[in-house]
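A short worksheet on the structure shown next.
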There are 4 protein chains.
Amino acid sequence: MIIEIDFNSDEAIYIQLRNQIIMGIATSEIQEGESLPSVRQLAETVGINMHTVNKAYTVLKQEGYIQLDRRKGAVIALDVNKIEAVEKMRAQLRILLARGLCKDISRVEVHEMVDEIYDEMIGG
Amino acid sequence: MIIEIDFNSDEAIYIQLRNQIIMGIATSEIQEGESLPSVRQLAETVGINMHTVNKAYTVLKQEGYIQLDRRKGAVIALDVNKIEAVEKMRAQLRILLARGLCKDISRVEVHEMVDEIYDEMIGG
Amino acid sequence: MIIEIDFNSDEAIYIQLRNQIIMGIATSEIQEGESLPSVRQLAETVGINMHTVNKAYTVLKQEGYIQLDRRKGAVIALDVNKIEAVEKMRAQLRILLARGLCKDISRVEVHEMVDEIYDEMIGG
Amino acid sequence: MIIEIDFNSDEAIYIQLRNQIIMGIATSEIQEGESLPSVRQLAETVGINMHTVNKAYTVLKQEGYIQLDRRKGAVIALDVNKIEAVEKMRAQLRILLARGLCKDISRVEVHEMVDEIYDEMIGG
DNA sequence: GTGGTCTAGACCACT
DNA sequence: GTGGTCTAGACCACA
């Protein structure tokens, strides 16, 4: 799994890291039960500070994507609180689609985009 | 148009303000050519700092939702750069759907959610 | 409210800080809705690093004692999840009383101690 | 006597080990004069590192629960320094009850909890 | 002026 | 060797 950070982005590095790891889980590049690299190792690979990786891992834990195992480090462990997840997604979709409406993006186009992204991710 | 700020949210106040104004445009509560309240007035109504309102308006201008007129203040004026808007939406949908996949939200459920939100907004 | 840190303690500074703030809430020295000092201010007063205070505040937020208000800073706001709190207390009492049993501390003595501490705190 | 470690807990493994052994002594599952398993054996049974078991035993010795004998290994031997034990318990009860007060746990409920735990342990 | 983010280096606890 | 903790300094976003 390749992680690439855009240092010119206005998104915080730990957020980019978190997002890419979530993408990795979604596309099954990393699977439930597997371990992420140690904070020091990933920090060196990516070229950032250990503490920044640590923050990304902490957030991933809070959001229910990993668990910190004292022997194996950060292990993929999905805590599926679906009700919460659905509400969170709905809130974010709402603003996303509102933006789309203002920019003349049609309902059909959104549905197409959703399907394209799903096909990308699950390798359909 | 009612604006409500959650001061305990982890989202910046000016972002919440921007989002709610975009929602207002999408749902036609405010229409093209109409003016937003003055910076001072909105700040007072909502109970926040003038600088914060200013920042929200500046962002809305940069993103092509309003224009700042010396006499009429902030006027709704949509600058539809659709190609850019589509790419922006695609990038955000990608991480949103990745999160959904991890949390067992199915493709069908996402499509349903999209339709529900569209119906809410355009009053279908 | 006076905060004192024992730099020779084996307890982490941010834990000592958290505990003393919880004590302050329990004894009503600080009340619901009041603000804690800013991280910089408290750090200076106590003579520790800003980041350490920040960590204490973060933990207090996660545990449901404060909320971070973007205008007022850290505000006392008790999130009473009693079921969770009771289970947490039971788990900790279990090991505490087990230690007591091994050290010949009687059930009566524990009850007395509990009453003494309650009287101290609520000023009975 | 069954020992179970939660590798995802934020409590160090050697602390969990220590606590469970103290629980075993308190509930008379292991009695004064009896031996604990050898470091090697316990490490293998539980699936942890030998050093970790060693650390737990060392702490138990320092706290006056066992003695380390070259031939018999770790033997339960209670060193009752009651005054010290009472002060230690009082300090920990103080923060525990402060937490309880904040979470609306009443004095009566604490007394009930104490009795329940005592009954569990001494098989009342 | 405030918190958020990032970096960096150091020490210790834990495995 | 690993993460946890603490310190420190710097810059930026936010109010």
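Quick note: numbers below take in every heavy atom, side chains included, and nothing from hydrogens, waters or symmetry partners.
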*With DNA chain F as reference, determine whether A:Ser38 or C:Thr52 sits nearer its 5' end, using the nearest nucleotide of each.*
A:Ser38

*Just checking, any donor-acceptor pair under 3.5 angstrom between side chains of A:Glu29 and A:Thr27?*
yes

*Hey, is the side chain of C:Arg40 pairing donor to acceptor with the base of E:dG3 inside 3.5 Å?*
yes

*asked:* Any carboxylate oxygen within less than 4.0 angstrom of a Lys/Arg side-chain nitrogen, looking at B:Glu63 and B:Arg18?
replied: yes

*State, yes or no, whether a side-chain contact exists between A:Leu96 and B:Met89 at a heavy-atom distance under 4.5 Å.*
yes

_Starting the side chain at C-beta, find the nucleotide from E:dT15, E:dC6, E:dG4 nearest to C:Asn54._
E:dG4

*Which comes earlier along DNA chain F counting from the 5' end, the contact point of B:His51 or that of A:Arg70, where each point is its nearest nucleotide?*
A:Arg70

*Give the rounded distance in Å between these two atoms: CD1 of A:Ile13 and C1' of F:dA13.*
16 Å

*Calculate the interatomic distance between D:Tyr57 atom OH and E:dC14 atom P; express it in whole Å.*
18 Å

*Can you check the C:Met50 CE to E:dG3 P distance for me, whole Å?*
8 Å

*Given that A:Ala12 and C:Val39 both sit by DNA chain E, which one's nearest nucleotide is further toward the 5' end?*
C:Val39

*Round to the nearest Å and state the distance from A:Glu11 atom CD to E:dT5 atom P.*
12 Å

*When we call it a touch if two heavy atoms are under 4.0 Å apart, what does B:Ile48 touch: a base, just sugar-phosphate, or nothing?*
nothing

*asked:* What is the separation between atom CD1 on A:Ile5 and atom C1' on E:dC6, rounded to the nearest whole Å?
replied: 13 Å

*asked:* Rounding to an integer number of Å, can you tell me how far D:Ile15 CD1 sits from F:dG4 C1'?
replied: 14 Å

_Minimum-distance nucleotide to C:Tyr14 side chain [options: F:dG3, E:dT5, F:dT5]_ = F:dT5

_Contact summary for B:Tyr65 and A:Cys102, nearest pair of heavy atoms_ = CE2-CB, 3.5 Å

*Watson-Crick or G-U counterpart of E:dC14, or none if no pair lies under 3.5 Å*: F:dG1

_On a heavy-atom basis, which atom in B:Asn19 and which in A:Arg99 lie closest, and how many Å separate them?_
OD1-NH2, 4.5 Å

_Checking contacts here: which listed nucleotide (F:dA10, F:dG4, E:dT15) is nearest the side-chain heavy atoms of D:Asn49?_
E:dT15

*When the distance from CZ of A:Phe7 to P of E:dT5 is rounded to whole Å, what number comes out?*
17 Å

*Using a cut-off of strictly less than 4.0 Å, decide whether A:Lys55 has a side-chain nitrogen or oxygen near OP1 or OP2 of E:dT5.*
yes

*Check the distance between F:dA15's P and B:Glu44's CD and give it to me in whole angstrom.*
19 Å

